[in-house]
Amino acid sequence: MTKKKNNIILIIPAFFLMGAVIGIQTKELFKQAAIGLIVGVIIYFFLKYRNKNINKTKS
């Protein structure tokens, strides 16, 4: 069985793009894109920390 790739970094641009799309709809593009970027970075670090703890308890 092949090892699963850890592409958790891709969550940051995903949240950035979702924020940009919401910003286009609400006419606040830069504000919503910045919020999406910040949320993406926060979630990235949260998931990275959680995965590290899960992998540590497995070993």
Side-chain angles (χ1 to χ4, degrees):
M1 215 163 162
T2 61
K3 186 175 180 181
K4 182 180 172 185
K5 290 184 180 179
N6 193 2
N7 291 331
I8 197 165
I9 192 74
L10 296 176
I11 203 161
I12 295 172
F15 273 92
F16 175 74
L17 290 174
M18 285 193 303
V21 169
I22 292 171
I24 290 171
Q25 293 176 349
T26 61
K27 307 282 193 270
E28 297 176 345
L29 176 64
F30 296 111
K31 178 182 172 187
Q32 296 296 334
I35 291 172
L37 182 66
I38 292 168
V39 169
V41 169
I42 290 170
I43 291 176
Y44 167 75
F45 283 117
F46 172 75
L47 291 175
K48 188 175 174 185
Y49 174 76
R50 183 191 64 130
N51 287 346
K52 189 170 75 173
N53 283 345
I54 289 173
N55 289 337
K56 189 168 50 171
T57 58
K58 279 185 178 179
S59 303

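Residue numbers run from 1 in the order of the sequence given.
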Side chains of residues 25-36: which donor-acceptor partners sit under 3.5 Å, not counting sequence neighbours?
unit_1	atom_1	unit_2	atom_2	d
Thr26	OG1	Ile22	O	3.0

Is there a path of hydrophobic side-chain contacts, each under 4.5 Å between heavy atoms of I, L, V, M, F, W or Y residues, that connects Leu37 with Leu17?
yes
Sequence neighbours excluded and cut-off under 3.5 Å, please list the side-chain donor-acceptor pairs for residues 40-51, or say none.
unit_1	atom_1	unit_2	atom_2	d
Tyr49	OH	Asn53	ND2	3.4
Asn51	ND2	Leu47	O	3.4

message = Would you say Ile54 ends up clustered with Ile8 if hydrophobic residues are merged whenever their side chains have heavy atoms under 4.5 Å apart, either directly or through other cluster members?
response = no
So the salt bridge (Lys or Arg N to Asp or Glu O under 4.0 Å) pairs with at least one residue in residues 11-24 (sequence neighbours excluded) are none
